[in-house]
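Presented below is the structure to which this report refers.
Here is how names work: the chains are called A, B, and so on, in the same order as the sequence lines, proteins then strands, and each is numbered from 1. Everything numeric in this text was worked out from a predicted model, so none of it was measured.
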Number of protein chains: 2
Amino acid sequence: MEQQKFHINKLRVSGLRPTKQRLAISKILFNRRETFHFTIEQLKKVIEKNSKKKISLATLYNTVHAFKKKGYLKEIPLKGNQTFFDTNTSSHHHFYDEDTLQLIDIKDENISINNLPKTPNGKKIQDIEITIKVASNYQKQKDN
Amino acid sequence: MEQQKFHINKLRVSGLRPTKQRLAISKILFNRRETFHFTIEQLKKVIEKNSKKKISLATLYNTVHAFKKKGYLKEIPLKGNQTFFDTNTSSHHHFYDEDTLQLIDIKDENISINNLPKTPNGKKIQDIEITIKVASNYQKQKDN
DNA sequence: CTTACAGTTTAGAATCATTATAAACTGAAT
DNA sequence: ATTCAGTTTATAATGATTCTAAACTGTAAG
């Protein structure tokens, strides 16, 4: 139950009221050793499995976006119908397994870019995202 | 009008009937020196401006997807509501200007990745996508 | 430990991009 | 000219996400 206090404090510090729903979602998202990659729909399923009181879909959207705005979650740019989020907010990149549709972290130390061209005009780099799509080779034709 | 024959042949070779609509779209997409980055909605506007006979939205989707499947267009993985396509189908990466929402090609020679970690299991790399988001620094808070 | 109210949650409606449907149309082979 | 598979089209359907407006709830102040 120390975790509980930790989450309550974290929310308060961020100017977010520690409601039952936000605490339940915090527990699911942040009480884990491994980073968690998820879509809202996947999160919904996990919550339904782990919590008896249901949380409305709108609240899941609200909360995930609030957490993202506060810097506790990162959105992963990946084409597809659904948006992916990541509990690992540090600078890092991903393998995307096209067979399982799973994301896998690449530690930042394990990759580097060279010969970066100069940025256009007076623009500054905000973010660099590398996604490496992998799959088994026998795979069927993919249309994406 | 040599272009016309070229497009007719290209379509025939691909097993696509050279219909009026496909030729009109081919003209818009491929009769240009610069590569063209676009969403379906943007393409629709360009077509409306350049062609008196209107093409239905469904046909735009059908045609763009057919062209993509034949390898004449590439889909760019970029988070956001709309899907981006690129007439440059070679291996290359992009700057994404968050101020203007425009994509800018990075020539492949101008960038390289080092220390690539080994791919998971027995998977093979299918594709590597690098997107470098740039923006002016004075910019307002962005929520994305 | 009540009150009061801004912050939250919620169900359901609304929106937006995209895909499916199924009827009308059209290249092109005969 | 005929025929028919391939296409186009308007429209409906879908699916993710956002909006809305009403009900609810932390919590600060008395």
Side-chain angles (χ1 to χ4, degrees), chain A residues 4-5 7-26 28 37-45 47-48 51-70 73 75-85 101 142-144, chain B residues 4-5 7-26 28 37-45 47-48 51-70 73 75-85 101 142-144:
Chain A
Q4 184 79 346
K5 280 189 194 150
H7 289 137
I8 290 179
N9 189 54
K10 188 172 166 184
L11 288 167
R12 283 231 177 79
V13 164
S14 312
L16 298 171
R17 276 197 197 163
T19 61
K20 296 187 210 349
Q21 294 87 338
R22 284 173 178 161
L23 285 169
I25 295 171
S26 287
I28 299 286
H37 303 110
F38 63 96
T39 62
I40 299 283
E41 212 53 40
Q42 288 167 352
L43 177 59
K44 189 174 136 212
K45 289 202 185 95
I47 298 254
E48 279 165 3
S51 192
K52 43 235 103 262
K53 34 249 163 202
K54 101 160 162 13
I55 298 180
S56 84
L57 189 57
T59 299
L60 288 183
Y61 276 96
N62 290 342
T63 303
V64 165
H65 284 134
F67 284 2
K68 180 185 153 200
K69 191 176 297 193
K70 295 303 180 182
L73 291 173
E75 187 175 340
I76 301 174
L78 197 70
K79 256 319 300 166
N81 28 336
Q82 299 187 148
T83 302
F84 276 85
F85 294 91
L101 308 183
K142 59 184 160 54
D143 287 333
N144 61 77
Chain B
Q4 183 80 345
K5 281 189 195 148
H7 289 137
I8 289 178
N9 189 55
K10 187 171 166 184
L11 288 167
R12 283 232 176 79
V13 164
S14 312
L16 297 171
R17 277 197 197 161
T19 61
K20 297 189 213 347
Q21 293 86 341
R22 285 173 177 161
L23 286 169
I25 295 170
S26 287
I28 299 287
H37 301 111
F38 63 96
T39 63
I40 299 283
E41 212 53 40
Q42 288 167 351
L43 177 60
K44 189 174 137 213
K45 288 202 186 97
I47 298 255
E48 279 164 2
S51 193
K52 42 234 105 263
K53 34 248 160 204
K54 102 157 159 16
I55 298 180
S56 84
L57 189 58
T59 298
L60 288 183
Y61 276 96
N62 289 341
T63 303
V64 166
H65 284 133
F67 285 1
K68 179 186 154 197
K69 191 176 298 192
K70 296 300 179 182
L73 291 174
E75 187 175 339
I76 301 173
L78 198 67
K79 256 318 303 166
N81 29 336
Q82 297 184 151
T83 302
F84 275 86
F85 294 91
L101 307 183
K142 60 183 159 52
D143 284 333
N144 62 76

Could you work out which one of [options] sits closest to the side chain of [X]?
X       : options               : answer
A:Arg12 : D:dT27, C:dA17, D:dT8 : D:dT27
B:Ala58 : C:dA17, C:dT9, C:dA20 : C:dA20
A:Asn81 : D:dA16, D:dT8, C:dT10 : D:dA16
B:Asn62 : C:dT10, D:dT8, C:dT9  : D:dT8

Can you find a heavy atom in the side chain of B:Thr63 that is under 4.5 Å from one in the side chain of B:Leu16?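 The answer is no, as the side chains (C-beta and beyond) never meet within the 4.5 Å cut-off.
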
*asked:* Within the structure provided, determine whether B:Ile8 and B:Leu23 are in side-chain contact (heavy-atom separation under 4.5 Å).
replied: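 The answer is yes, as the side chains (C-beta and beyond) meet within the 4.5 Å cut-off.
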
* Any sub-3.5 Å donor-acceptor pair from B:Arg22's side-chain atoms to B:Arg17's backbone N or O? ->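 Yes, the answer is positive, given that a donor and an acceptor are paired below the 3.5 Å cut-off.
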
Could you check how far [atom1] of [X] sits from [atom2] of [N], rounded to whole Å?
X       : N      : atom1 : atom2 : value
A:Ile47 : C:dT9  : CD1   : P     : 12 Å
A:Asn9  : D:dG26 : CG    : P     : 18 Å
B:Leu57 : C:dA20 : CG    : C1'   : 13 Å

N or O in side chain of [X] less than 4.0 angstrom from [N] OP1/OP2:
X       : N      : result
A:Thr83 : D:dT17 : yes
A:Ser56 : C:dT10 : yes
A:Lys79 : C:dA17 : no
A:Tyr61 : D:dT18 : no
B:His65 : C:dT19 : yes

Presence of salt bridge, B:Glu41 and B:Lys44, under 4.0 angstrom: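 Salt bridge: yes.
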
Requested in this report: Hey, could you give me the CD/CG distance between A:Glu48 and A:Leu43, rounded to the nearest 0.5 Å?
Outcome: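 One finds 10.0 Å between CD of A:Glu48 and CG of A:Leu43.
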
Query raised in the report: About how many Å separate CD of B:Gln21 and CD1 of B:Ile47, when rounded to the nearest 0.5 Å?
Result: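 Going from the CD1 atom of B:Ile47 to the CD atom of B:Gln21 covers 10.0 Å.
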
| query | Just checking B:Lys54: base, sugar-phosphate only, or nothing, at a heavy-atom cut-off of under 4.0 Å? | reply |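 Since only primed, P, OP1 and OP2 atoms lie under 4.0 Å of B:Lys54, the category is sugar-phosphate.
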
Query raised in the report: How is A:Lys53 classified with respect to the nucleic acid when contacts are heavy atoms under 4.0 Å: base, sugar-phosphate, or nothing?
Result: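 It contacts nothing in the nucleic acid.
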
- [ ] Could you pull out the closest heavy-atom pair between A:Phe38 and A:Val64, with the gap in Å?
- [x]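 For A:Phe38 and A:Val64, the tightest heavy-atom pair comes out as CE1-CG2, 4.2 Å.
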
- Message: Below 4.0 angstrom, which residues in residues 13-26 of chain B have at least one non-hydrogen atom near DNA chain C?
- Response: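 Hits under 4.0 Å, by residue number: B:Arg17, B:Pro18, B:Lys20.
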
